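This report refers to the structure that appears directly beneath it.
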Amino acid sequence: MASKQYWLLKSEPDCYSFDDLKRDGHTEWTGIRNYTVRNMLRDTMQKGDLALFYHSSAKPPAVVGICEIAGDAIADSTAWDKDDDHYDPKASPDNPIWYARKVKYVKPLKSPISISKLRETPGLEGMGILKKGSMLSVTPVTEEEWKIITKGT
DNA sequence: GCCAACGTTGGC
DNA sequence: GCCAACGTTGGC
């Protein structure tokens, strides 16, 4: 088994916040409708990987906590739910197209790190989240970046 | 298979 | 609410 990998999961707190995850304990990370993200989530992630929980479109946008990839890839059944916001008419139980992962609450950061703070921090310049125009809701995080961000928590 | 048009994302 | 950047779509 390859060594542990690190990720950053982006969510709008109005949609699903880190506090929601704390309340629930775990959740299914569904609604991914981007092929790059799907491939990472389905093929590259491993059960037991750790992830940063990032609040996008928040005031301010920030990394707020830590969670864990708690299961293997599973078909995203919201894709064939007509009432779901992320309904995809091309998906079906026989051809799921989209996948999800179970994610488990771990703990909050000692204090949230805003995007402007991330930009100012040496060693984090290369983070996917900071790239202009990055729209990926899941991005890999290096061990180095992970250590800097979670130091002291 | 090219590429322009369009929709979406997300920081500001 | 603006707008730059990106992914996706669809006509050809």
Side-chain angles (χ1 to χ4, degrees), chain A residues 5-24 26-46 49-69 73-103 105-142 144-151 153:
Chain A
Q5 306 170 106
Y6 301 99
W7 305 93
L8 181 145
L9 305 183
K10 215 157 53 172
S11 181
E12 297 189 23
D14 287 347
C15 175
Y16 194 83
S17 72
F18 191 62
D19 280 342
D20 292 333
L21 181 61
K22 182 180 184 181
R23 179 198 61 214
D24 298 340
H26 56 84
T27 191
E28 281 183 14
W29 206 262
T30 58
I32 299 294
R33 299 292 181 268
N34 169 289
Y35 287 103
T36 304
V37 174
R38 181 204 65 180
N39 293 344
M40 280 192 289
L41 183 132
R42 185 189 58 184
D43 305 330
T44 316
M45 270 184 182
Q46 293 167 356
D49 285 352
L50 292 172
L52 301 169
F53 197 109
Y54 176 84
H55 280 166
S56 63
S57 298
K59 2 98 213 146
V63 177
V64 294
I66 297 171
C67 53
E68 179 184 337
I69 308 306
I74 47 176
D76 182 352
S77 60
T78 67
W80 53 86
D81 176 356
K82 284 195 176 62
D83 296 328
D84 193 275
D85 285 346
H86 304 286
Y87 172 65
D88 180 350
K90 295 196 288 294
S92 68
D94 286 340
N95 178 32
I97 305 180
W98 306 111
Y99 289 81
R101 287 270 184 171
K102 184 171 278 192
V103 168
Y105 175 83
V106 177
K107 61 180 172 182
L109 290 189
K110 199 158 103 190
S111 57
I113 304 177
S114 68
I115 189 166
S116 57
K117 191 68 191 294
L118 292 176
R119 288 189 197 284
E120 295 173 352
T121 305
L124 300 183
E125 302 85 357
M127 285 190 75
I129 193 76
L130 300 180
K131 291 213 183 81
K132 222 178 166 188
S134 165
M135 299 189 300
L136 302 181
S137 57
V138 174
T139 47
V141 170
T142 67
E144 194 75 359
E145 292 160 351
W146 179 268
K147 281 180 179 161
I148 293 171
I149 292 170
T150 61
K151 194 168 68 179
T153 69

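If you're wondering where the values come from, they're calculated on a predicted model, not measured in any experiment. Order of the sequence lines sets the chain letters (A, B, ...), proteins ahead of strands, with each chain counted from 1.
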How long is the line joining [atom1] of [X] and [atom2] of [N], in whole Å?
X: A/H86; N: B/dT9; atom1: NE2; atom2: C1'; result: 12 Å
X: A/R119; N: B/dG11; atom1: CZ; atom2: P; result: 8 Å
X: A/H55; N: B/dG11; atom1: NE2; atom2: P; result: 12 Å
X: A/K132; N: B/dG10; atom1: NZ; atom2: C1'; result: 13 Å
X: A/N34; N: C/dG7; atom1: CG; atom2: P; result: 7 Å
X: A/I32; N: C/dG7; atom1: CD1; atom2: C1'; result: 14 Å

- [ ] Report, as yes or no, whether the 6.0 Å neighbourhood of atom CD on A/E144 holds more than 12 heavy atoms from other residues, nucleotides or ligands.
- [x]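 Check fails, neighbour count at 12 or below.
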Task: Among C/dT8, B/dC12, C/dG7, the one nearest A/Y35 by side-chain distance - done: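 Output: C/dT8.
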Task: Nucleotide of B/dG10, B/dC12, C/dT9 approaching A/K90 most closely (side-chain heavy atoms) - done: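 Nucleotide nearest to A/K90's side chain: C/dT9.
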Task: Nucleic acid footprint by protein, nucleotides 1-6 of chain B - heavy-atom cut-off 4.0 Å, B for base, S for sugar-phosphate alone - done: ------
Task: Centroid-centroid distance, A/W7 to A/F53, less than 6.0 Å - done: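 Centroid separation for A/W7 and A/F53: 6.0 Å or greater.
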Open item on the list: Report for the helix from B/dG1-C/dC12 to B/dC12-C/dG1: angle between first-end and last-end helix axes, five pairs each, rounded to 10 degrees.
Closed with: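 That helix has its two terminal axes inclined by roughly 10°.
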- [ ] Would you please classify the geometry between the A/W29 ring and the A/Y16 ring as parallel, tilted or perpendicular, with 30° and 60° separating the classes?
- [x]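 Rings of A/Y16 and A/W29: perpendicular, over 60°.
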